[in-house]
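Report on the structure given below.
Source: prediction; values computed, not measured.
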Amino acid sequence: MIPKKYKSFSEINNDLRILKLQQEIDKESLKLSYRTAKSSFYPTKLLGGFGGVAQKIFISLLANRLFKKLT
């Protein structure tokens, strides 16, 4: 990478301001990703997917018992 040559202190200050803002944006993005990952591991979210599977198993067991009684 070629180093940038500055002609004045104001150019340096502008670049430093830009870098600071980029750092703040990256921190906020990381915080948001952490909150999203953390909320996806809540028990209600984990059991939400399990509920559909449990419901299907229960219905299939009920259907099997019903068919056994009919035959």
Which distance, rounded to the nearest 0.5 Å, do you find between the [atom1] of [X] and the [atom2] of [Y]?
X: K38; Y: S33; atom1: NZ; atom2: OG; value: 14.0 Å
X: I25; Y: K20; atom1: CD1; atom2: NZ; value: 13.0 Å
X: F9; Y: N14; atom1: CZ; atom2: CG; value: 13.5 Å

(message) Show the nearest heavy-atom pair for residues K5 and E11, with the distance to one decimal.
(response)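 Taking K5 first and E11 second, the nearest heavy atoms are O-OE1, 4.3 Å.
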
(message) Treating Q23 as the side-chain partner and L19 as the backbone partner, does any N or O pair qualify as donor plus acceptor under 3.5 Å?
(response)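 Checking the backbone N and O of L19 against the side chain of Q23, no donor-acceptor pair under 3.5 Å is found.
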
(request) With sequence neighbours left out, write down each residue that passes salt bridge (Lys or Arg N to Asp or Glu O under 4.0 Å) with E28, or none if nothing qualifies. (result)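 Once residues adjacent in sequence are excluded, the partners of E28 under the salt bridge (Lys or Arg N to Asp or Glu O under 4.0 Å) criterion are K31.
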
(request) Step by step, work out the side-chain contact (heavy atoms from CB on, under 4.5 Å) result for L16 and I12. (result) CA-CA 6 Å; L16 287 174; I12 295 171; 4.0 Å; yes

(message) Could you check whether any side-chain heavy atom of I57 comes within less than 4.5 Å of a side-chain heavy atom of L61, counting everything from C-beta outward?
(response)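 Sidechains of L61 and I57: in contact.
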
